[in-house]
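Only one structure is covered here, and it is reproduced in the block below.
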Amino acid sequence: MQILEKAPAKINLSLDVLYKRPDGFHEVEMVMTTVDLADRIELTLLSEPVIKVESESRFVPNDERNLAYRAAKLLQDRFKVNKGVNIFIEKNIPVAAGLAGGSSDAAAVLRGVNRMWGLGLSDDELAELGAEIGSDVSFCVYGGTALATGRGEQIRFLPAPPPCWVVLSKPTIGVSTQTVYQGLNVSQAEHPDTEAMVRALQEEDYEGICANVGNTLEGVTLKLHEEVGQIKEQMRQAGADAVLMSGSGPTVFSLVEQDARAQRIYNSLKGFCTEVYMVRMLGYRENT
Ligand code: ATP
């Protein structure tokens with residue numbers, strides 16, 4: 001028995017960090033949306049209770065450190081499953097990029113293995129379990145567009161953004177989310193207007209969305225890696241409607257309505273950066 005799952009990347013249209021909680025996590029407000037750049041997850045049923053991970057990517061661990069492995073292990077242990085699974089990951093999403101690739105793989109495994117092992121769990125139950133693996137996994141179980149609060153596990157669905165191009169560019173550096181959070185001074189950082197972003201989405205107001213993109217972590221990563229600022233500037237000059245770093249970076253994305261302009265941004269970055277993608281916004285929930 002084989003099951004295929006698509007694991008799309010997310011971008012943060014806005015990301016605000018409110019404060020550090022007593023449990024060590026940060027309280028956040030994130031408006032997230034999925035884009036059409038996805039890993040492909042191939043699950044094969046194994047009759048023995050073993051979990052195997054395979055990937056051709058040299059950036060992804062093939063053992064229990066892989067978030068996809070941890071997702072299957074969590075379901076296997078929690079529901080005392082005596083079957084196993086082989087997880088093949090076709091890695092298309094850049095790793096350690098701020099695009100939640102690992103979280104999306106984990107969410108895809110939760111969805112697929114739930115079906116494969118006949119566990120009968122709802123998406124809400126999977127999202128709750130996903131929060132034990134990582135803060136972005138709950139959102140990735142659903143996909144689409146949502147406001148994520150708490151440490152990222154409390155999800156409120158939002159309408160999809162109006163269709164547009166998303167040009168993504170990742171400089172050849174990996175950024176550790178932990179390092180970026182350590183460098184953050186919440187009281188001095190810039191904070192986006194989350195409410196204005198939510199309103200713009202509800203009103204299908206593309207200009208409003210573009211005017212309100214913002215990321216509290218951007219300032220920290222910009223100081224650590226000047227490439228991020230250079231890409232932002234290049235995208236702006238090539239005519240992007242909005243430019244922002246996603247998550248803790250270093251991927252920068254631009255939103256663009258016009259086809260020709262999106263192509264121009266893509267071309268202008270292609271000579272400068274190896275990882276450049278021009279994709280459509282997904283924005284709606286594909287998995288339900
Ligand atoms: P986020 O936006 O949620 O912070 P990210 O895009 O910054 O995520 P990931 O691509 O998820 O980061 O990878 C972060 C780290 O997790 C990597 O260093 C990698 O070794 C590890 N990892 C574990 N499992 C995976 C996976 N399935 N895919 C990618 N990375 C994984």
Side-chain angles (χ1 to χ4, degrees), residues 5-15 17 25-26 28 30-35 37-43 51-74 85-113 127 130-141 143 146 148 150-153 155 168-184 215-218 220-221 224-225 228 244-253 275 277:
E5 281 283 335
K6 192 171 161 183
K10 62 86 185 153
I11 54 171
N12 293 92
L13 293 174
S14 70
L15 190 165
V17 183
F25 288 106
H26 285 86
V28 294
M30 303 187 287
V31 176
M32 310 211 263
T33 192
T34 42
V35 297
L37 169 65
D39 292 345
R40 208 178 121 265
I41 310 287
E42 206 177 283
L43 304 170
I51 297 165
K52 292 185 191 159
V53 178
E54 289 175 57
S55 168
E56 284 157 4
S57 165
R58 61 196 167 93
F59 302 112
V60 172
N62 278 349
D63 53 24
E64 65 286 346
R65 287 169 300 169
N66 198 302
L67 298 184
Y69 176 100
R70 288 174 49 196
K73 184 81 177 120
L74 178 65
V85 63
N86 187 78
I87 305 166
F88 176 77
I89 304 174
E90 184 189 297
K91 198 79 202 155
N92 301 314
I93 305 173
V95 176
L99 300 171
S103 303
S104 195
D105 292 352
V109 168
L110 289 176
R111 289 192 304 265
V113 163
E132 295 180 30
I133 302 167
S135 300
D136 286 343
V137 179
S138 306
F139 166 75
C140 292
V141 165
R151 62 180 177 88
E153 85 289 13
I155 307 295
L168 302 142
S169 176
K170 180 190 167 279
T172 45
I173 40 163
V175 166
S176 134
T177 305
Q178 212 189 342
T179 311
V180 174
Y181 269 101
Q182 278 164 0
L184 176 69
N215 181 345
T216 301
L217 299 176
E218 195 179 65
V220 185
T221 310
L224 293 171
H225 304 286
V228 174
L244 191 73
M245 185 186 81
S246 185
S248 50
T251 303
V252 176
F253 69 86
E275 290 185 276
Y277 307 87

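Owing to the predicted nature of the structure, the values given are computational and were not obtained by experimental measurement. Numbering starts at 1 and runs along the sequence shown. These numbers come from the heavy atoms of this one structure, side chains and all, not from hydrogens, waters or symmetry mates. Counting convention: from 1, in listed order, for ligands and their atoms alike.
The option from Ala100, Ala71, Gly247 that lies nearest to atom 2 (O) of ligand 1, judged by heavy atoms, is Ala100. For atom 27 (N) of ligand 1, the nearest non-hydrogen atom from the set Val109, Asn66, Leu67 comes from Asn66.
Proximity of a side-chain donor or acceptor of Ser104 to a complementary backbone N or O of Cys140 within less than 3.5 Å is not detected. The main-chain N or O of Arg70 is never found under 3.5 Å from a side-chain atom of Arg65 such that the two would form a donor-acceptor pair.
Distances shorter than 4.0 angstrom occur between a heavy atom of Gly102 and an atom of ligand 1. Ligand 1 lies within reach of Lys91, whose nearest heavy atom is under 4.0 Å from it.
Of all the atoms in ligand 1, the ones that sit under 4.0 Å from a non-hydrogen atom of Asp105 are 26 (C), 27 (N), 28 (N). In the vicinity of Ser103, heavy-atom distances shorter than 4.0 Å reach the ligand 1 atoms 3 (O). The distance from ligand 1 to the heavy atoms of Lys10 drops below 4.0 Å at these ligand atoms: 2 (O). Those atoms of ligand 1 that come under 4.0 Å of a heavy atom in Leu99, given as number and element, are 2 (O), 6 (O).
Regarding atom 18 (O) of ligand 1, its nearest protein heavy-atom neighbour is Ala96 CB, 4.3 Å. Closest to atom 30 (N) of ligand 1 among all protein heavy atoms lies Val95 CG1, 3.8 Å. Remark: minimum distance from atom 4 (O) of ligand 1 to any protein heavy atom is reached at Thr177 OG1, 3.3 Å. Closest protein heavy atom to atom 20 (O) of ligand 1: Pro61 CD, 3.6 Å.
Under the 4.0 angstrom criterion, atom 16 (O) of ligand 1 counts as lacking any protein heavy-atom contact.
By the 4.5 Å heavy-atom criterion applied to side chains, Phe88 and Glu56 are counted as neighbours. In this structure, the side chains of Ile11 and Leu13 come closer than 4.5 Å at one or more pairs of heavy atoms. Side-chain atoms of Ser14 and Asn215, non-hydrogen and from C-beta on, never get closer than 4.5 Å to each other. Side-chain contact between Ser246 and Lys10 is present, with at least one heavy-atom pair separated by less than 4.5 Å.
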Under the criterion side-chain contact (heavy atoms from CB on, under 4.5 Å), I'd like the reasoning laid out for Met245 against Thr221: C-alpha separation, chi angles, the key distance, then a yes or no. CA-CA 9 Å; Met245 185 186 81; Thr221 310; 3.5 Å; yes
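By the 3.5 Å distance cut-off applied to N or O atoms, Val175 is not counted among the residues near ligand 1. At under 3.5 Å, a nitrogen or oxygen of Gly98, whether backbone or side chain, sits near a nitrogen or oxygen of ligand 1.
Contacts between Arg65 and ligand 1, counted as non-hydrogen atom pairs separated by less than 4.0 Å, involve the backbone only. Only side-chain heavy atoms of Asp136 come within less than 4.0 Å of ligand 1; its backbone N, CA, C and O stay farther off.
The existence of a salt bridge linking Lys91 and Asp105 is confirmed by a sub-4.0 Å separation between a basic side-chain nitrogen and an acidic carboxylate oxygen.
Counting all heavy atoms, side chain and backbone alike, Val175 lies closest to Ser248 at CG1-O, 3.3 Å.
For the 3.5 Å distance criterion, the side chains of Glu64 and Asn66 fail to qualify, holding no donor opposite an acceptor. Counting only N and O atoms by type, the side chains of Glu54 and Asn86 include a donor and acceptor under 3.5 Å apart.
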